[in-house]
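Since the model is a prediction, treat every value here as computed from it, not as a measurement. Chain letters run A, B, ... following the sequence lines, proteins first and then strands; every chain starts at 1.
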Protein chains: 2
Amino acid sequence: MDDKKERIIIIAEQLFMQYGFLKTTMEDIAKKVHMGKSSVYYYFKSKDDIFAEVIRRDTQIFQQKLNDAIYAANTPEDKIRAYVITRMTHLQDLSKFYSTLTDEYLDHYLFVEEVRKDFYEYESTVIKNLLEDGIKQNFFDVDDVVTISRMISIAIKGLEFPLFVEAKDYDPIKESNDMLNVIFNGITNN
Amino acid sequence: MDDKKERIIIIAEQLFMQYGFLKTTMEDIAKKVHMGKSSVYYYFKSKDDIFAEVIRRDTQIFQQKLNDAIYAANTPEDKIRAYVITRMTHLQDLSKFYSTLTDEYLDHYLFVEEVRKDFYEYESTVIKNLLEDGIKQNFFDVDDVVTISRMISIAIKGLEFPLFVEAKDYDPIKESNDMLNVIFNGITNN
DNA sequence: TTTCGACCAATACCGTTTTTCGGTCGAAAG
DNA sequence: CTTTCGACCGAAAAACGGTATTGGTCGAAA
């Protein structure tokens, strides 16, 4: 019963990736899972519900990946670096896969934006914690943790932007590293 | 003859702001200038031409403002700060006025993007020059000027983003200043 | 508990007709 | 020679009406 839900989600994700959300019909999903359409509705209450579950899963895998990367690094600086690099790499892969979906994202952006919001909340918490660790261990010198973590988030968003609009010869890893160097060291000579 | 062009541009700008580019017809413009449509075509060869002129003017005023701000500041650091703050302030004002236009900007984004490209080129040149001045005067310590100026551009873009999507309690000036503090000093304790 | 066929209402789709709109042209006014 | 405009054009958008899809429900049966 739970593996049925599982299968539906996996199939649905495949179809969403291939055809996008709008072009994928409930019939398509049902047929590919070898079920009647109504049966699918026994497991999920709506198409959006399936989509939400797909996104929820991806997000969870993403966050797991990020947590692992943070855990593997040692110093607070390296942890932040690991976080940003992992994040950008993952998003880079995603931007290829989800290219079909990003074309549509304007339509149900309310939906995606909601999931996004949650992610940003997670993100700012992670960064804030890492900053606080760094301050406690005397690595960083920061007045207002909240402000600086928001600032880092903004910088990350800036890095993210080109991925989804104009990918021409844009190396997010290099850009991220440059950005991180400035964030840690600044540009002032002292 | 030249003041007629002038009037057309001013009226057109008003209408573009109020109704957006697409919803504003040449008839609308002509009527409000008290002319026949054909007469407007005597002064401008196309609707895009008028739009381009409107944008060209705004951009010029914008750049003048930025140059003044840079000129007024003394040290390279203050010049960069002045540049960013002026930029954000102007864009903040613009985002209110052009709210109609931003909704459409997806449609003729080729057009706007072209003007934008020019502006970004100007911007990166300005920043690169200010950085080089700062290095020459031994204020900054930077390896790769090109990379860092691009990085600063990205950071600025990150600041700009919230203006056009979710303006809720977002204070661009404060955010800009925080960002600038990090850019100049970094967060590492040393 | 699970599956499904039959059914519904909303909306997407489609071919056609009508309207709108950016743009041209030639005549005429000054 | 400059400026204005009415009449006109073609392409593209809107309006429209009828058909097909599609998300979602329900009750029966396995």
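The environment of NZ in B:Lys31 is sparse: at most 12 heavy-atom neighbours from other residues, nucleotides or ligands sit within 6.0 Å.
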- Message: Apply side chain to side chain contact (heavy atoms under 4.5 Å, CB included) to residues A:Met26 and A:Ile50 and explain how you reach the verdict.
- Response: CA-CA 10 Å; A:Met26 291 299 278; A:Ile50 299 178; 4.0 Å; yes
- Query: Does the pair A:Tyr43 and A:Asp49 meet the rule for a side chain to side chain contact (heavy atoms under 4.5 Å, CB included), with working shown?
  - Reply: CA-CA 10 Å; A:Tyr43 296 98; A:Asp49 196 29; over 6 Å; no
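B:Phe51 and B:Phe21 have tilted rings, their planes meeting at an angle from 30° to 60° on a 0 to 90° scale. By the 30° and 60° cut-offs, the orientation of the rings of B:Tyr83 relative to B:Tyr122 is tilted. Classified by interplanar angle (parallel below 30°, tilted 30° to 60°, perpendicular above 60°), the ring pair B:Phe184/B:Phe140 is parallel.
One atom, CG of B:Leu22, and another, C1' of C:dC21, lie 12 Å apart when rounded to the nearest Å. Between A:Lys31 atom NZ and C:dT3 atom P there is a gap of 18 Å when expressed in whole angstrom units. Note: CG (B:Asp48) to C1' (C:dG23) measures 12 Å, nearest angstrom.
For B:Asp68 and B:Gln64, the side-chain atoms include at least one donor-acceptor pair closer than 3.5 Å.
Less than 4.0 Å separates DNA chain D from at least one heavy atom of each of the following residues of residues 35-45 of chain B: B:Met35, B:Gly36, B:Ser38, B:Ser39, B:Tyr42, B:Tyr43.
Once you apply a 4.0 Å limit to the heavy atoms of chain A, the touched nucleotides of DNA chain D run 5' to 3' over D:dT22 to D:dC26.
Note on A:Arg87 versus A:Glu123: salt bridge recorded, some NZ/NE/NH1/NH2 to OD/OE distance being below 4.0 Å. Under a 4.0 Å N-O distance rule, the pair A:Arg57/A:Glu6 qualifies as a salt bridge.
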- Item | Paired and unpaired positions of DNA chain D as dot-bracket, Watson-Crick or G-U wobble under 3.5 Å, | denoting a partner strand | ||||||||||||||||||||||||||||||
